[in-house]
Amino acid sequence: MNLTSFIVMDVLERALEMERSGVDVVHMEVGEPDFTVAPKVKERAAEALMEGLNKYSPSYGIPELREAIACFYRKRYGVDLNPERIFITPGSSPALMAAIRMLAEDYGERIAFTDPGYPCYKNMVRFFGLKEVSVKVFEDTGFEPRPDQIRDADVLIINSPANPTGSVLSLAELEEIVEVARDRNLGIISDEIYQGIEYEEKAHSILEVYDRAVVINGFSKFFAATGWRLGWIIVPEDKIRLFQCIAQNLFICAPTPLQYAAVECFTEESLKVYRSYVEEYRRRRDYLIPALKDLGFGVNYTPQGAFYVFARVDAFTNDSFSFAMEALEKAKVAITPGKDFGENLTHLYVRFSYATSLEDIRKAVKRLREWLSTT
Ligand SMILES: Cc1ncc(COP(=O)(O)O)c(C=O)c1O
C-alpha cells in the first residue's frame, strides 16, 4: 500500500529519542495544544469515571452531548441542526475516513484536497484505493482553493482554518465552492477541526450555506483534548441511518465517560476558558511572525486561524527537509518540513506550531538565531 509516513510523527519520535538521552528540545512540530481541558470538564471526567460510567454508549453518542453540540451550532453559526445528524466519534480521524469512503460511494472516486494540506487526507484516500486530485494553493492568494480548480473532482475536502497554512475561507468563498458543488454534483467534506481558533474574522461552518456537506470537528484543538480521542461528524438527514451502521460496525462508540465530560465544554464558563487559550495563541503568533522574519524566514501570508506558521526557508536552502532535520539536531528545535504537507513548493517551507508556551517559543528563536549565524 502506497502510504507515506506522517513526517511530523517521525520528527517527534526523533526528538523524544534525543530527550531520552538528556538533550533539551523545543517542540514546535506537533499540532497539539499545551493547555489542559477547562476545569469543569476535567472535574466531570473524574466524576464520570468514579460513577462507573464505563459501558458502551449508543453508537451515535450520548444524547446530552449531541444536543449540546446542536445548541452550540445554533448559537455560534445560527444553524438549526437535528441532533440525530450528529455522531460522536473516537477522534475526528475515523470520522474523516468514514466520510471519505461514504461520499466516494455516492459521488465518485476522485477526491480533491489542497496541496499543501493535512497529510492524512492523501493517505486515507490511498488507503481506500481512491484517486487523489491535488488542488495547488499559494501564499499570494491566501492558500485558498479557486472554484475552477475543483471541477475535475467528485469529492472535495476543505479545511478552514487550515493546517498547515492557517488560511481561513470567508463566507463568500464557501458560497463559491458550494455553487460548483451544486452545479457539478460534487460531494463536500468540511474539516472544521480548527474552528474557534481564529484571529481576525470568525471562521464559518459550511453548514451555514450548504446543508448537504459532511462536517468533521472534534475536541482535539479548540477544546485542547487531543488524547481524549473524541470528535464528531454531522451528516445530511438522508445519511443518518447509513452512518449509524458505519459507527456500529467500525467504532462501536466513542469513550463513554469522556462524552459525559465533553458536555461541559459547551457551558459559557468553559467556553470562556477556551477563548482565553485563543488569545494566548494570538500573542504567540504576534511574537513569532516578526521574530521569524527577523531571522530571515519568509512569512508572506499571516495565518488567520489554527496555530501554525508556514514559513519559507529559501533564504537559507531549497531543501526544507534537510533544514528541519538539521534544526532538530543542531539547534534542538523540532519543526515540520513542508514535504509532510504535499509536493507543491513544499521543499521551500517549514511549519512552526505555536501551540507551545511563549517561553519555549522565545527559546526556539534564540537557538535558531545562534544556529543560523554559524551556517
Ligand atoms: C486538519 C486536521 N484534521 C484532522 C485532524 C485529526 O484530529 P483528531 O485528533 O480529532 O483525530 C488533525 C490533527 O492534527 C488536523 O490537523
Side-chain angles (χ1 to χ4, degrees), residues 4-12 27-35 37 61 65 69 86-100 111-125 127 135 137 143-145 156-169 188-198 203 205-206 213-234 247 250-251 254-255 258-259 262 265 274 281 303-310 334-336 338 340-342 351-356:
T4 55
S5 81
F6 195 178
I7 297 173
V8 65
M9 298 310 287
D10 287 341
V11 175
L12 173 66
H27 290 273
M28 297 191 76
E29 76 285 43
V30 272
E32 175 158 64
D34 55 322
F35 298 113
V37 295
L65 185 53
I69 294 173
I86 304 167
F87 288 76
I88 314 302
T89 53
S92 70
S93 302
L96 204 46
M97 276 202 281
I100 291 172
I111 317 291
F113 43 86
T114 65
D115 181 349
Y118 179 54
C120 301
Y121 300 148
K122 170 190 74 193
N123 284 316
M124 287 177 185
V125 167
F127 179 75
V135 176
V137 291
F143 292 109
E144 286 161 11
L156 170 70
I157 307 175
I158 52 172
N159 176 216
S160 169
N163 177 8
T165 61
S167 166
V168 173
L169 295 169
I188 293 196
I189 298 172
S190 181
D191 177 353
E192 302 182 356
I193 187 86
Y194 290 99
Q195 295 227 342
I197 309 176
E198 58 240 357
S205 171
I206 188 98
V214 170
V215 166
I216 308 288
N217 206 328
F219 295 90
S220 286
K221 309 294 174 173
F222 178 71
F223 297 104
T226 38
W228 282 28
R229 308 313 302 134
L230 217 49
W232 71 83
I233 179 168
I234 304 170
L250 298 192
F251 322 138
L258 299 180
Q259 291 189 56
C265 285
Y274 289 119
Y281 294 137
Q304 309 290 297
F307 34 56
Y308 307 111
V309 178
F310 204 50
I335 52 180
T336 310
D340 210 12
F341 307 100
R351 187 193 74 175
F352 288 84
S353 161
Y354 49 91
T356 190

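All values below come from the heavy atoms of this structure, side chains included, with hydrogens, waters and symmetry mates left out. Just so you know, ligand 1 is whichever comes first in the structure, and atom 1 is the first atom listed for that ligand.
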**Request:** Identify, by atom number and element, the atoms of ligand 1 in contact range of Tyr194, meaning under 4.0 Å from any of its heavy atoms.
**Result:** 1 (C), 14 (O), 15 (C), 16 (O)
**Short side-chain donor-acceptor distance under 3.5 Å, Glu29 and Thr336** = no
**Request:** Identify the protein heavy atom lying closest to atom 8 (P) of ligand 1, giving its residue, its atom name and the separation to 0.1 Å.
**Result:** Ser92 OG, 3.3 Å
**Message:** I'd like to know if Asp191 contacts ligand 1, where contact means a heavy-atom distance under 4.0 Å to any ligand atom.
**Reply:** yes
**Request:** Please identify which atoms of ligand 1 are closer than 4.0 Å to at least one heavy atom of Ser93.
**Result:** 6 (C), 8 (P), 11 (O)
**Asked** At what distance is the nearest protein heavy atom to atom 5 (C) of ligand 1, and which residue and atom is it?
**Response** Tyr118 OH, 3.4 Å
**Asked** Would you say the side-chain atoms of Tyr194 and Asn159 include a donor-acceptor pair closer than 3.5 Å?
**Response** no
**ligand 1 contact by Gly218, heavy-atom criterion under 4.0 angstrom** = no
**Asked** Is the closest heavy atom of Tyr121 to ligand 1 under 4.0 Å?
**Response** yes
**Message:** Any heavy atom of Arg229 closer to ligand 1 than 4.0 angstrom?
**Reply:** yes
**Heavy atoms of other groups near Phe127 CZ, more than 12 under 6.0 Å** = no
**Message:** Is it true that Thr4 and Asn123 share a donor-acceptor pair across their side chains at a distance under 3.5 Å?
**Reply:** yes
**Request:** Could you tell me the residue and atom name of the protein heavy atom closest to atom 14 (O) of ligand 1, and the distance to it rounded to 0.1 Å?
**Result:** Lys221 NZ, 2.7 Å
**Message:** Please confirm whether Phe219 approaches ligand 1 to less than 4.0 Å, judged on its heavy atoms.
**Reply:** no
**Complete:** Interatomic distance, CZ@Phe219 vs CD1@Ile88, rounded to 0.5 Å, equals 6.0 Å
**Message:** Checking the side chain of Asn163 only, and the main-chain atoms of Tyr118 only, is there a donor and an acceptor separated by less than 3.5 Å?
**Reply:** no
**Prompt:** Which bit of Ser220 is near ligand 1, meaning a heavy atom under 4.0 Å away: side chain, backbone, both or neither?
**Reply:** side chain
**Request:** Please confirm whether Tyr308 comes within less than 3.5 Å of ligand 1 when only nitrogen or oxygen atoms on both sides are compared.
**Result:** no
**Request:** Among Phe307, Tyr281, Tyr274, find the residue that satisfies the ring pair (Phe, Tyr, Trp, His ring centres under 6.0 Å) test when tested with Phe222.
**Result:** Tyr274
**Prompt:** Going by the atom numbers of ligand 1, which of them fall below 4.0 Å from some non-hydrogen atom of Asn159?
**Reply:** 1 (C)
**Item:** Candidate pair Val137 and Glu144, rule side chain to side chain contact (heavy atoms under 4.5 Å, CB included), full reasoning
**Value:** CA-CA 6 Å; Val137 291; Glu144 286 161 11; 5.7 Å; no
